[in-house]
Chemist: 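This is the structure, below, for whatever I ask next.
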Amino acid sequence: MPYVGRFAPSPTGPLHFGSLVAAVASYCDAKAKDGKWLLRMEDLDKPREVQGAADGILRTLEAFGFEWDREAWYQSQRTEFYESALQILKNKGLAYPCTCSRKEIADSAIASGIEGAIYPKTCLNHALKTNIHEAYRALTLDENIVFLDEIQGEIIQNLARDVGDFILKRADGLFAYQLAVVVDDAAQGVTHVVRGADLLDSTPRQIYLQRLLGYATPHYAHVPVASNAAGEKLSKQTLARPIDMRPPGHALFDALSFLGQHPPAEIKSVTPDEIWQWAITNWRISSIPKQRAIIFGD
Ligand code: GLU
Ligand code: ZN
């Protein structure tokens, strides 16, 4: 089976060390297995997007010598495909409208899961409020979703108990990441997803949606995420510093070291082409630490 990997950044700020690690891991794994590597800009959440961030991320990736195999996709241009996937789920009775406010859910929830209150299915059992925009939720099952992550091992999650009926489309009309990522991974023919372990808990939701929509489930590998000493993930939200690009070898050296690849110090001062040659030839996914987070930097 041909290998198709991808990197899917959200343009909420400049590329930072945490996203560079995910980019390096997905790139090396694809190239080491003679695969294709695609780029997808996850720019669905327009209110959270930072002006110019998408172009900035592309320029930074270019400066590091990444080469993507097709033109980058932009999720903001693909809403009709998310709409038709939602329609399929609605037709099968697997997605239902919800008009509850955040406060109503917090007040009525009786159980909590890995991401807070479990939605108590109010709108499945009662009339919807009128004159209010509807959100859509996926109907989850009290059944275990099991998958084998290449780095993290066997993952088991019961969606009904651990997550609940999750959002597919928000009341403001924006499609949720969980639906968009599944539709696009399938549409782009992605066979291998290598990304940060902050998304490990989302994967069972994605596998569930793949099954409902009749898509193949890709192979998953979740690499550790970089966190600060306080245990917070280094992300655009915590305003992690943009990467220092001069010279690019330093940041790539740090990313490869973080991924347990033991690069020689000499690669800090060679060209990106030479770094990739070393990194792809010596890529060992089995050397990546099996942790969800590793403290990095200060
Ligand atoms: N867009 C997501 C992020 O930046 C990553 C999505 C994915 O790799 O599935 O965190
Ligand atoms: Zn509701």
Side-chain angles (χ1 to χ4, degrees), residues 5-27 29-30 37-45 48-50 53-54 57 61 72-76 95-109 117-130 132-139 149 164-171 175-186 188 190 192-207 209-210 217-223 225-226 233-238 240:
R6 53 43 157 210
F7 176 53
S10 304
T12 49
L15 194 79
H16 57 83
F17 184 71
S19 28
L20 180 66
V21 166
V24 167
S26 58
Y27 191 66
D29 201 55
W37 187 73
L38 309 180
L39 195 63
R40 182 169 76 230
M41 207 42 83
E42 301 211 318
D43 59 344
L44 270 185
D45 195 345
R48 273 188 51 219
E49 184 166 343
V50 170
I57 290 171
L61 292 171
W73 279 26
Y74 286 79
Q75 288 195 322
S76 55
Y96 64 91
C98 170
T99 53
C100 296
S101 68
R102 233 176 260 256
K103 177 157 190 333
E104 285 167 330
I105 295 169
D107 292 348
S108 59
I118 302 244
Y119 179 64
K121 297 184 189 278
T122 322
C123 292
L124 191 60
N125 304 312
H126 298 90
L128 296 172
K129 279 180 247 154
T130 49
I132 213 172
H133 288 291
E134 298 165 340
Y136 278 85
R137 293 179 177 276
L139 187 68
D149 185 272
D165 292 352
F166 56 94
I167 293 281
L168 297 170
K169 188 181 187 182
R170 302 186 341 196
F175 282 95
Y177 158 69
Q178 308 293 354
L179 180 66
V181 72
V182 161
V183 169
D184 286 348
D185 281 340
Q188 291 189 291
V190 170
H192 289 70
V193 173
V194 179
R195 62 183 177 192
D198 52 322
L199 294 164
L200 192 58
D201 287 335
S202 289
T203 307
R205 269 168 274 182
Q206 296 172 18
I207 292 174
L209 291 178
Q210 287 153 6
T217 288
H219 187 270
Y220 287 99
H222 287 84
V223 304
V225 294
K233 177 191 154 197
L234 290 185
S235 67
K236 297 148 224 179
Q237 287 73 38
T238 56

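Read the numbers this way: they start at 1 and go in the same order the structure lists the ligands and their atoms.
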Chemist: Report whether any nitrogen, oxygen or sulfur of T122 sits less than 2.8 Å from the Zn ion (ligand 2) (N, O or S, backbone or side chain).
Modeler: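 T122 does not place any N, O or S atom closer than 2.8 Å to the Zn ion (ligand 2).
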Chemist: For S10, take its heavy atoms, then give the atoms of ligand 1 lying under 4.0 Å from any of them.
Modeler: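 Contacts of ligand 1 toward S10, numbered from 1: 1 (N), 2 (C), 3 (C), 4 (O).
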Chemist: How far apart are the C-alpha atoms of R40 and D185, what are their side-chain angles, what is the distance that settles it, and do they pass the side chain to side chain contact (heavy atoms under 4.5 Å, CB included) test?
Modeler: CA-CA 9 Å; R40 182 169 76 230; D185 281 340; 2.9 Å; yes
Chemist: Looking only at distances, please establish whether an N/O atom of ligand 1 is found under 3.5 Å from an N/O atom of R40.
Modeler: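 Looking only at distances, the answer is no, because the N/O contact criterion of under 3.5 Å is not met.
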Chemist: Taking all non-hydrogen atoms of both residues into account, name the closest pair between A109 and A117 and its distance.
Modeler: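 Shortest heavy-atom contact: CB-CB, 3.5 Å.
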Chemist: Between R6 and Q188, is a side chain to side chain donor-acceptor pair (under 3.5 Å) present by the stated rule, with each step listed?
Modeler: CA-CA 9 Å; R6 53 43 157 210; Q188 291 189 291; over 6 Å; no
Chemist: For I57 and L15, which heavy atoms make the closest approach, and how far apart are they?
Modeler: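 In this case the closest contact between I57 and L15 is CG1-N, 3.9 Å.
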Chemist: Taking 4.0 angstrom as the limit and counting only heavy atoms of V181, give me the atoms of ligand 1 inside it, by number and element.
Modeler: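 This gives 9 (O) as the contact atoms.
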Chemist: With the Zn ion (ligand 2) at the centre, find the angle made by SG from C100 and SG from C123, to 10°.
Modeler: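 Output for this angle: 100°, rounded to tens.
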Chemist: Say whether, by atom type as modelled, one donor and one acceptor occur between the side chain of D165 and the main chain of L139 under 3.5 angstrom.
Modeler: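 Checked: no pair found.
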Chemist: Can you tell which of V21, T203, L200 makes a side chain to side chain contact (heavy atoms under 4.5 Å, CB included) with R195?
Modeler: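 Exactly one pass, corresponding to T203.
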Chemist: Answer with yes or no whether the side chains of Y177 and Q206 bring together a donor and an acceptor at under 3.5 Å.
Modeler: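 Yes, a side-chain donor-acceptor pair sits under 3.5 Å.
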Chemist: With heavy atoms only and a cut-off of under 4.0 Å, state how Y177 meets ligand 1: side chain, backbone, both or neither.
Modeler: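 For Y177, the contact with ligand 1 is made by the side chain alone.
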Chemist: Suppose I only count heavy atoms of R195 and a 4.0 Å limit; which atoms of ligand 1 are within that range?
Modeler: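 Near R195, the atoms of ligand 1 are 7 (C), 8 (O), 9 (O).
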Chemist: Would you kindly specify which portion of D198 sits under 4.0 Å from ligand 1, judged on non-hydrogen atoms: side chain, backbone, both or neither?
Modeler: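 It is neither part, as no heavy atom is under 4.0 Å.
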Chemist: Heavy-atom contacts with R6 under 4.0 Å: which atoms of ligand 1 show up? List them by number with element.
Modeler: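 Near R6, the atoms of ligand 1 are 7 (C), 8 (O), 9 (O).
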